[in-house]
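To keep things clear, I will list the structure first and then write my remarks on it.
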Amino acid sequence: MKHNIYLMATTFFVASALTGCQLDEYNPAGGTGGEEMASFENFEALQTYCYEPVYGQLYDMFDYTQLAEGGTDLFITAFDKTWAQETIYYEALSPNTGAVKKLFMQAYALINSCNSVIDNASKVVDADPESIKILVAEAKCLRAFFYGILVTQYGNITLKLNSSETGVTTAPQRNSYEEIYGQIILDLQEAAEDLPVEPYKGQYARVTKKTALGLLARTYAQGAGEGLTENGVSYWKRAQEVAEDIISRKDELKVFMYDEVEDLWAQANNRNNPEALFIAAGPTADMTSYDSPRKLSNIFAHMYPDPNKISDLYKTSNKSNYLYGKVNQNILGPSKYLIDLFDAANDVRWDYSFTTAFGDITWAQTPDWGGTYLAKNKYIVWTEELAQKYHKAESVVGDTIFPYADFKAITRTVGNQYPAKVWPKGDHSGDVSHLQDVKNVYATPYPLDADDDRFSIYLSKDYLTDEEKSVRSYHVINLDDLFEEGKYGSGYTYKSTDFDGLNSYQMFPGLAKCNYNYDGVFASDLQRKMGDVAVMRTAEVYLIAAEGAVMSGDNAKAAEYLNVVRRRACRDKSKFESTMQLSTASEQDVLDEFARELCGENQRWAILKRHKAFEKQLAKGNPRAAKSFDPAKNYLRPISEDFLSTISNADEYGNNGY
């Protein structure tokens, strides 16, 4: 247990093929085979290491997100910037594209670790059989998860079911879709049989029976897009059957779904969220997570605007913003298509998916850090000059924009914490006893009250007239005004230059799902936080049940499952039947509901692929990508050039047409 090795770079067919990854990862077992594996302690350590890449590589950095959400109809670059254009817009996508190479390497590295666990299980001499059975089942579930990502992104790649220490191949052959999906399904079925309902040793980020079954439903749906069948039955039907089985056994399987969207995204429920079937667990503040210290997530920094770009009205720099974080990347914003999918008047998911009102901060709870309520000029008085610049009515002159959130600094040995409370609207006393706990400080009230003086900038989904905007004591930007049409043909992109002289084009709705604020989530760098991510959650099971039903021709049954998700999202449930209830559902209804419920949760690219929907959907939401998308090759990612350069049959193996 003393060796620091390049475990991520020693796996798959030829060890030297992946050394360019340069990921210095700690192998807690000190090796992957031999006599060391006779010890259960070493075996368990190796098996635990299999979890490291789930959060430590996929869900802590933007690389996977740009593959899973980029290049779809839901997210486009803010200001129409050219950044990661290979994956977001299919512009010059090649076998050398960084995110594409990285995912390919990481997936096979994790698979090799899982193979080592499965191969070495019989060597352990000092453990009870039940523990071994569970740990092997977990490894099969994780192996299936990563093979699912590989086959979705790269097509019919190579199945490798033995670890690197048992031999490598210099001339690998591709397996068929039938073989790959068949193995994934077998792994998940065997895992579901052997995994317990409760996680091993109570460690909540470990996979359980519901994880394996949820991934099984997802796998059948993805394989259905390849036209696969099982014993003459379409994979679409199989996906529906597995999802329905999970739903019918939800109590037995400990499958849970919140009654309200606000509880799903409540900050207090982030750690070990009971709706999650599979959790990528972030590190804890004391860094004592069972699955070894890992990196911290900075995804939110790529999917939030910087309100300080309108510095007349928002004073806090992103370098010291303890509310939104160091949001200095500002890459992906929701497409106009995604924004328009939300009927915000009736669908509360709009409030909790995107931050659209931005307010400043105080430190009244911690005077030594920030002083009094109105310290450091964190409030704005509308002067004649300022009101004229922002086209405000005379009635606004003299009004004040007060702070929105207040922080209490809590000293920790490893990293201080800054949980926020909220000042009540209209309360300017500065009395900390008046501060309110809210379930999610990033949720924006819809619609924002005209007299809410806690916010500096508001991105309005409802189009407000110049007169309506002029009498509000915050800067209003109509979301529609952020977009221009026709730059890449039909469809909308974000404007890339200032259109109102106020820098408004620098703003866009921030994805609130991947930003966090609670005691235990902060690191020393405000650009990174430690929140958990749900890899799969219960709502997706209902969506897959609906998807399988509609693709099997049962549109009424599909509507029933969609309605479960839609009812929870309904702002006024007493009006659900007249506002959001469906009596029948089409394939388009399913695609749209997946978008509303799971936007930003790393599923959209896979969903568009299995429905062969890129051409149709990119034209709606991502015209720049639609212009470049080549259906002859872009339904697959290119195979890593680093890998191809080290095998003896690269021409035969191919690079998916790139």
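No hydrogens, no waters, no symmetry mates; every other heavy atom, side chains included, goes into these values.
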[Y] backbone acceptor or donor facing [X] side chain under 3.5 Å:
| X | Y | result |
| --- | --- | --- |
| E615 | P631 | no |
| S628 | A625 | no |
| T72 | L74 | yes |
| N655 | Y658 | yes |
| K160 | N162 | yes |
| D73 | F614 | no |
| N634 | Y90 | no |
| S234 | W236 | yes |
| T169 | P172 | no |
| T170 | I647 | no |

Can you see which heavy atom on [X] is nearest to which on [Y], and at what distance?
| X | Y | value |
| --- | --- | --- |
| S39 | D126 | C-OD1, 3.6 Å |
| A217 | I544 | O-CG2, 3.9 Å |
| L253 | K209 | CD2-CD, 3.7 Å |
| N175 | L159 | OD1-N, 2.8 Å |

With a 4.5 Å heavy-atom cut-off, do [X] and [Y] have their side chains touching?
| X | Y | answer |
| --- | --- | --- |
| T229 | E178 | no |
| V207 | Y200 | no |
| L186 | K140 | no |
| P95 | V100 | no |
| Y181 | Y235 | yes |
| V242 | L216 | yes |
| C514 | Y59 | no |
| D532 | Y204 | yes |

Would R637 count as a cation-pi partner of W605, with NZ or CZ less than 6.0 Å from the six-membered ring centre and within 45° of the ring normal?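 Yes, R637 lies over the aromatic ring of W605.
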Looking at F300, does the NZ or CZ of K529 lie under 6.0 angstrom from its six-membered ring centre and within 45 degrees of the ring axis?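 Checked: cation-pi criterion met.
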For Y653 together with F643, are the ring centres under 6.0 Å from each other?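 F643 vs Y653: aromatic centres under 6.0 Å.
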With ring centroids as reference points, do F145 and F278 lie under 6.0 angstrom apart?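 Aromatic pair counts; centres sit under 6.0 Å.
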Please round to the nearest 0.5 Å and tell me the distance separating atom [atom1] of [X] and atom [atom2] of [Y].
| X | Y | atom1 | atom2 | answer |
| --- | --- | --- | --- | --- |
| N156 | R174 | CG | CZ | 5.5 Å |
| L598 | E69 | CG | CD | 8.5 Å |
| N270 | I279 | CG | CD1 | 8.5 Å |
| L213 | T219 | CG | OG1 | 11.0 Å |
| N328 | I331 | CG | CD1 | 9.0 Å |
| L93 | Y89 | CG | OH | 14.5 Å |

Using the rule given for side-chain hydrogen bond (donor to acceptor under 3.5 Å, both in side chains), can you reason through E547 versus H611, listing the C-alpha separation, both sets of side-chain angles and the distance that settles it, and then say yes or no? CA-CA 10 Å; E547 182 183 19; H611 285 272; 2.6 Å; yes
Between the side chains of [X] and [Y], does any donor sit under 3.5 Å from an acceptor?
| X | Y | answer |
| --- | --- | --- |
| T87 | Q66 | yes |
| S131 | D128 | yes |
| E193 | Q189 | no |

Yes or no on side-chain contact (heavy atoms from CB on, under 4.5 Å) for Q57 and K102, after CA distance, side-chain angles and deciding distance? CA-CA 9 Å; Q57 300 299 330; K102 182 179 178 183; 3.8 Å; yes
Kindly indicate, with the supporting measurements, whether the criterion ring pair (Phe, Tyr, Trp, His ring centres under 6.0 Å) is fulfilled by W83 and F62. CA-CA 12 Å; W83 191 96; F62 195 60; 5.7 Å; yes
Could you walk me through whether F629 and Y635 pass the ring pair (Phe, Tyr, Trp, His ring centres under 6.0 Å) check? CA-CA 9 Å; F629 186 84; Y635 270 90; 5.4 Å; yes
Take D119 and S163 through the side-chain hydrogen bond (donor to acceptor under 3.5 Å, both in side chains) test and state the conclusion after the steps. CA-CA 7 Å; D119 288 349; S163 57; 2.9 Å; yes
Should the pair [X]-[Y] be classified as a salt bridge under the 4.0 Å nitrogen-to-oxygen rule?
| X | Y | answer |
| --- | --- | --- |
| D525 | K326 | no |
| E226 | R610 | no |
| E44 | K201 | yes |
| E130 | K133 | yes |
| R238 | E230 | yes |

Does the pair K101 and E641 meet the rule for a salt bridge (charged side-chain N to carboxylate O under 4.0 Å, His left out), with working shown? CA-CA 7 Å; K101 293 195 299 182; E641 183 64 27; over 6 Å; no
T48 and side-chain hydrogen bond (donor to acceptor under 3.5 Å, both in side chains): which single residue from Q203, E138, R206 fits?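 Filter result, single survivor: R206.
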For the pair T158 and Y108, evaluate side-chain contact (heavy atoms from CB on, under 4.5 Å) and give the outcome as yes or no after the intermediate values. CA-CA 10 Å; T158 302; Y108 272 115; 4.1 Å; yes
Chi angles and distances behind the salt bridge (charged side-chain N to carboxylate O under 4.0 Å, His left out) call for R537, E597: CA-CA 11 Å; R537 54 187 179 82; E597 183 67 27; 2.8 Å; yes
Applying side-chain contact (heavy atoms from CB on, under 4.5 Å) to K250 and I246, what does each step give before you reach the verdict? CA-CA 6 Å; K250 59 181 183 292; I246 296 171; 5.8 Å; no
